[in-house]
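Step one of this worksheet: look at the structure below.
Each residue takes its place number in the sequence, starting with 1. Just so it is clear, the values below take in all heavy atoms, side chains as well, and ignore hydrogens, waters and symmetry mates.
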Amino acid sequence: FLTKTGVYILAFDMREFMSSQTKAVKYLSFWLNSIKLHAPAAPVVVVGTFLSDIDNVKDIRFINVELDEVIKTITAQVVTNEGEDLIIFPIDNKTGEGVD
């Protein structure tokens, strides 16, 4: 369930985003809209997983730009990754890369 006082982590597989962007955007939009509906002021951290499987920084920037467009239309309270100038936090579950 979603509460007004929660802090939300929305995790997604960046490999799936690169292979099926439309499906991934639909999935992320659903959850961002749900959080906005039930907890409009709650912070949302968007985490992209499987960083080690992403070929280059251009792909991460591409994902970031595409999600920025989605987030602008939803206007959820997304926490930005200021250290990397991204709206997502790319991490790798196996190696711990991106987790500081």
Inset, instruction - Verify, without hydrogens or angle tests, whether N64 (side chain) and L86 (backbone) share a donor-acceptor contact under 3.5 angstrom. - result: no
Tell me whether [X] shares a hydrophobic cluster with [Y], the cluster being built from Ile, Leu, Val, Met, Phe, Trp, Tyr side chains joined at under 4.5 Å.
X   : Y   : value
L37 : F30 : no
F62 : I71 : yes
F89 : V78 : no
I60 : V70 : yes
W31 : F17 : yes

Legend entry - side chain to side chain contact (heavy atoms under 4.5 Å, CB included) evaluation trace for I54 with M18: CA-CA 9 Å; I54 300 301; M18 294 305 294; 4.2 Å; yes
Distance in Å, [X] [atom1] paired with [Y] [atom2], rounded so as to fall on 0.5 Å steps:
X   : Y   : atom1 : atom2 : value
K72 : L67 : NZ    : CG    : 12.0 Å
M14 : S19 : CE    : OG    : 12.5 Å
N81 : I91 : CG    : CD1   : 11.5 Å

Legend entry - Where at least one partner belongs to residues 78-97, residue pairs that pass salt bridge (charged side-chain N to carboxylate O under 4.0 Å, His left out), sequence neighbours excluded: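 Checked against salt bridge (charged side-chain N to carboxylate O under 4.0 Å, His left out) - neighbours excluded - no pair reaches residues 78-97.
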Inset, instruction - For residues 21-30, pull every pair meeting side-chain hydrogen bond (donor to acceptor under 3.5 Å, both in side chains), keeping only residues two or more places apart or in separate chains. - result: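 For residues 21-30, and leaving out neighbouring residues, the side-chain hydrogen bond (donor to acceptor under 3.5 Å, both in side chains) pairs sorted by first residue read Q21-E66.
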Legend entry - salt bridge (Lys or Arg N to Asp or Glu O under 4.0 Å) partners of D59, counting only residues at least two apart: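 Salt bridge (Lys or Arg N to Asp or Glu O under 4.0 Å) list for D59, sorted by chain: empty.
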Inset, instruction - Please name all residues satisfying salt bridge (Lys or Arg N to Asp or Glu O under 4.0 Å) with R61, sequence neighbours left out, ordered by chain then number. - result: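 Applying salt bridge (Lys or Arg N to Asp or Glu O under 4.0 Å) to R61 gives none.
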Inset, instruction - Taking side-chain contact (heavy atoms from CB on, under 4.5 Å) as the test, write out the residues that go with A39, two or more places apart. - result: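 side-chain contact (heavy atoms from CB on, under 4.5 Å) list for A39, sorted by chain: Y8, A42.
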Legend entry - Results of side-chain contact (heavy atoms from CB on, under 4.5 Å) for D13 - residues two or more places apart only: R15, E16, T49, F50
Legend entry - Partner of F12 under side-chain contact (heavy atoms from CB on, under 4.5 Å), chosen from I88, V47, V25: I88
Inset, instruction - Just do the side chain to side chain contact (heavy atoms under 4.5 Å, CB included) check on L32 and V44 with the steps written out, would you? - result: CA-CA 8 Å; L32 288 167; V44 180; 4.0 Å; yes
Inset, instruction - Verify side chain to side chain contact (heavy atoms under 4.5 Å, CB included) between V46 and I87, making sure each step is shown before the conclusion. - result: CA-CA 7 Å; V46 181; I87 59 166; over 6 Å; no
